[in-house]
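Let me begin by presenting the structure, written as C-alpha cells, before commenting on it.
Any value given below was found using the heavy atoms of this structure, including those in side chains, with hydrogens, waters and symmetry copies removed. We count residues from 1, following the sequence as given.
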Amino acid sequence: LDPKSAAVNVALGVLWKYADNFEDAEKQFQAALAIDPNYGPAYREWAETDLRWAQSVPTKASAKVKEAADQYKKYISLTDYSPESQMRYADFLINAGDFKTLQQVAADIAKSSGSNLRAYRYLGYAAYENKDYPAGLTAMNTWITKADPKRIIPRDYLYLGRLQIASGQDSLGIQALNKALELDTTQVDVYLEIAKSDFAKKKYKAAGDAYQIYSEKSRNAKLTDRFYAGFSYYFAFTVEDAKNIKDPKAPRTDSALLVKADSAFSYVIQKAGTNAPPITFIFRARIADLHESDRNNIKGLAKPYYEKFVEVALAKGPPTDDRIKNNLVEAYDYLGTYAEFKEKDEAKAAENFNKAKEIDPTDKQALDYFKRKSGGGNANRQ
C-alpha cells in the first residue's frame, strides 16, 4: 500500500530478524534509510539485529557487536538521550568492549535522577578495564550493596575482586573471586588471578593450589602455569613453611609440598620434551637434595638432575644468561662435592670445581676445595 514507508520497511526487517534471516533484515533497514536517512528506529532495529546476528554466528560476532554499538549511537543521536536509551546503549557498548565510551555513558546515567542502578555495574566494569580503580571500586560497592541480591551475578564478584586486588585489598579481593567461583564453577580462569595475587603476597601454598587447579581445568592454561605451580609449592616448603619450624636444623618430615612441586616440574619436562627449560631440572635437583634425610651419608638423589641440567644448559653452547651461569656453578659445586666425598674421585671433583671457578672466580665452594687440596695455599688449576 505504501512502498515508500520507512516504518513498513523497518517492520519487515524486524520480521526477518526474528526469522534469523539477518541479511534480508539488513536490506530492509537499508531500504528504510534510503527513504529517510534520519529515521531513527531503523538504526535501533539494525543495532538489535546485529547483536542477535553476533550471538547466532560466532564468526561474525566481533564485527557485528561493534557495528551494533555504532548503529545504536546513531539512533540515540536522532531521537533522545533518555536514561532508558542510554542504558540500552551501554548494553551495546559492553558487548562491543568499548570500555572508554562505556565509562562515560555509565557515569552520565548514574548522575541522572531516577537512574537505572545497573549503570553502577557497567561503571565498575568499565573503570576497571580503564585502570580507574578508585572509581570502579566505588561503583561496584554501590551496585552490590544497593541492588537486589537476586540481580547480582558471578561476573559482578569477579570485577569486585579484581578492583579490590588492584586497590591493595588483596584478602577481600580473593574472597570476592572465590565468591564468583562459588556461584559459577565454570569460571576456572579466575584461579589464575587468585594464583597471581597469592604469589605476589608470598602466600605460596595457596598460589600453588590455585595454579594447579587452573592448569588442570582451564583450556587456556600453559605449561608456564604448571611451572609456577611447582615454583610456588617449592617456595611454600623452603620459605613459607620453614617459618613455622622452630629448629631450622631439625629434620623436615612433611614433604607433601615437595612432592607436589616435583610432580609439577616433572609434568613440564614430560610435555615440553627437548624444549623443557633448564631451570626445571635445577628445581628437581634441589627438591631431590632436600629429600636427603641423612646429610652425613648422601645418596646423590640430586646428581642425575644436576647432570641433566648441565647437559641442557650447554646444549646450544656457552650460556650468556647470568641466571643459567649461576645455576651451572651450583650444579658443578654439587657434582664436585659428590665426587670428592661420595665417589672419592679427586680428578672428577677437581674437574667440576674448575668449571665452577671458570664461570665464577669468586665461587666459595670451589675456592675452599682448591685451598684444601693445596694445603692452605693459593688454588692452582689442576
Are Phe92 and Trp53 connected into the same hydrophobic cluster when the rule is that any two of I, L, V, M, F, W, Y join if their side-chain heavy atoms are below 4.5 Å apart? no
Note, Ile359 side chain near Asp363 side chain (heavy atom, < 4.5 Å): no
Asn9 side-chain N/O to Ser5 backbone N/O, donor-acceptor pair under 3.5 Å: yes
Test of understanding: clusters of I, L, V, M, F, W, Y form through side-chain heavy atoms closer than 4.5 Å, transitively. Do Met140 and Ile152 belong to the same one? yes
Restricting to non-hydrogen atoms, name the atom on Asp50 and the atom on Ala68 that form the minimum distance, rounded to 0.1 Å. CB-CB, 3.6 Å
With hydrophobic residues grouped by side-chain heavy-atom distances under 4.5 Å, do Val188 and Leu223 end up in a single group? no
Common cluster, Ile298/Phe309, ILVMFWY with side-chain heavy-atom separation under 4.5 Å: yes
Heavy-atom pair of closest approach, residues Ala288 and Leu301: CB-O, 3.5 Å
In this structure, are over 12 heavy atoms from other groups packed under 6.0 Å from Lys342 atom NZ? yes
Under a 4.0 Å N-O cut-off, is there an ion pair linking Lys373 with Glu340? yes
Salt bridge or not for Asp209 and Lys205, using N-O below 4.0 Å? yes
In plain terms, say whether Arg121 and Asp156 are close enough for a salt bridge, that is, a side-chain N and a carboxylate O under 4.0 Å apart. yes
Working to the nearest 0.5 angstrom, can you tell me the gap between Ile279 CD1 and Asn327 CG? 4.5 Å
Does any part of the side chain of Asn220, heavy atoms only, come nearer than 4.5 Å to the side chain of Leu192, both counted from C-beta? no
When you measure from the side chain of Thr79 to the backbone of Tyr75, do you find a donor-acceptor pair of N or O atoms at a distance under 3.5 Å? yes
Could you check whether any side-chain N or O of Ser218 sits under 3.5 Å from a backbone N or O of Ser215, counting only pairs where one atom can act as donor and the other as acceptor? no
For residues 178-185, please give each side-chain donor-acceptor pair under 3.5 Å, one per line with the distance, not counting sequence neighbours.
from	atom 1	to	atom 2	distance (Å)
Asn178	ND2	Ile174	O	3.2
Asp184	OD1	Thr186	N	3.1
Asp184	OD1	Thr186	OG1	2.5
Asp184	OD2	Thr186	OG1	3.3
Asp184	OD2	Gln187	NE2	3.2

Of all heavy-atom pairs linking Ala276 and Ile269, the shortest is CB-CA, 4.0 Å
Please find the pair of heavy atoms, one from Thr138 and one from Thr142, that lie closest to each other, and give the distance. O-OG1, 2.8 Å
Are Val57 and Phe29 connected into the same hydrophobic cluster when the rule is that any two of I, L, V, M, F, W, Y join if their side-chain heavy atoms are below 4.5 Å apart? no
Donor + acceptor pair across side chains of Ser266, Ser263 (<3.5 Å): no
Interatomic distance, Tyr122 atom OH to Gln103 atom CD [nearest 0.5 angstrom]: 15.0 Å
Treating Arg284 as the side-chain partner and Phe265 as the backbone partner, does any N or O pair qualify as donor plus acceptor under 3.5 Å? no
Is it the case that Lys357 places NZ or CZ above or below the six-membered ring of Phe370, under 6.0 angstrom from the centre and within 45 degrees of the axis? yes
Between Ala69 and Leu93 the two heavy atoms that sit nearest each other are CB-CD2, 4.3 Å
Distance, nearest 0.5 Å, that separates CG of Asp24 from OG1 of Thr49: 11.5 Å
Show the numbers, then the answer: is there a ring pair (Phe, Tyr, Trp, His ring centres under 6.0 Å) between Tyr204 and Phe199? CA-CA 6 Å; Tyr204 297 120; Phe199 189 87; 5.4 Å; yes
Phe231 ring center near Phe235 ring center (under 6.0 Å): yes
Within a radius of less than 6.0 Å around OH of Tyr228, do more than 12 heavy atoms belonging to other residues, nucleotides or ligands occur? no
Arg52/Asp20 ion pair, N-O < 4.0 Å: yes
Under 3.5 Å, is there a donor-acceptor pair between the side chain of Asp289 and the main chain of Ala285? no
For side chain to side chain contact (heavy atoms under 4.5 Å, CB included), just list the numbers for Leu137 and Leu160, CA-CA rounded to whole Å, side-chain angles, deciding distance to a tenth of an Å, and then say yes or no. CA-CA 7 Å; Leu137 189 57; Leu160 175 63; 4.0 Å; yes
Roughly how far, to the nearest 0.5 Å, is NZ of Lys271 from CZ of Arg226? 8.5 Å
Is there a side-chain contact between Lys146 and Leu117, using heavy atoms and a 4.5 Å cut-off? yes
What pair of heavy atoms forms the shortest contact from Ile287 to Ala261, and how long is it? CD1-CB, 3.7 Å
Are side-chain N/O atoms of Glu67 and Gln71 paired as donor and acceptor at under 3.5 Å? no
Evaluate Tyr43 against Ser77 for side chain to side chain contact (heavy atoms under 4.5 Å, CB included), listing each step before the verdict. CA-CA 10 Å; Tyr43 289 110; Ser77 70; over 6 Å; no
Under 6.0 Å between the ring centres of Phe353 and Tyr332? no
Walk me through it: do Lys73 and Tyr89 pass the test side chain to side chain contact (heavy atoms under 4.5 Å, CB included)? CA-CA 7 Å; Lys73 183 178 181 180; Tyr89 181 38; 3.4 Å; yes
Suppose the criterion is ring-ring contact (aromatic ring centres under 6.0 Å, His included): which pairs have a residue in residues 140-165, not counting sequence neighbours? Tyr125-Tyr159, Tyr128-Tyr159
So, Lys344 side chain and Phe341 main chain: donor-acceptor pair closer than 3.5 Å or not? yes
Hey, are Asp108 and Gln86 close enough side-chain-wise for a donor-acceptor pair under 3.5 Å? no
Glu351 and Lys348 ion-paired at < 4.0 Å: no
Whether Lys299 and Glu292 form a salt bridge (side-chain N of Lys/Arg under 4.0 Å from carboxylate O of Asp/Glu) is what I want to check. no
Inter-residue atom distance Lys74.NZ - Asn38.CG, 0.5 Å rounding: 11.5 Å
Does Asp91 pair with Arg88 as a salt bridge, N-O distance under 4.0 Å? yes
Ionic contact status for Arg323 with Asp321, cut-off 4.0 Å: yes
Under 3.5 Å, is there a donor on one side chain and an acceptor on the other for Tyr306 and Glu330? yes
Would you say the side-chain atoms of Asp262 pair up with the backbone N or O of Leu258, donor to acceptor, closer than 3.5 Å? no
Regarding Asp170 and Ser197, do their side chains bring together a donor and an acceptor under 3.5 Å, going by distance alone? yes
Roughly how far, to the nearest 0.5 Å, is the CD atom of Glu84 from the CD1 atom of Ile76? 12.5 Å
Test ring pair (Phe, Tyr, Trp, His ring centres under 6.0 Å) on Phe281 and Tyr305 and set out the steps. CA-CA 5 Å; Phe281 296 103; Tyr305 299 114; 7.7 Å; no
Taking side chain as C-beta onward, heavy atoms only, is Tyr233 less than 4.5 Å from Val259? no
Quick check against the 3.5 Å criterion: does Ser167 have a side-chain atom that pairs as donor or acceptor with the backbone of Leu163? yes
Quick check: does any side chain N or O of Asp148 sit under 3.5 Å from a backbone N or O of Arg151, one acting as donor and the other as acceptor? no
Looking at Tyr369, I'd like to know if the NZ or CZ of Arg372 sits under 6.0 Å from its six-membered ring centre while staying within 45 degrees of the ring's axis. no
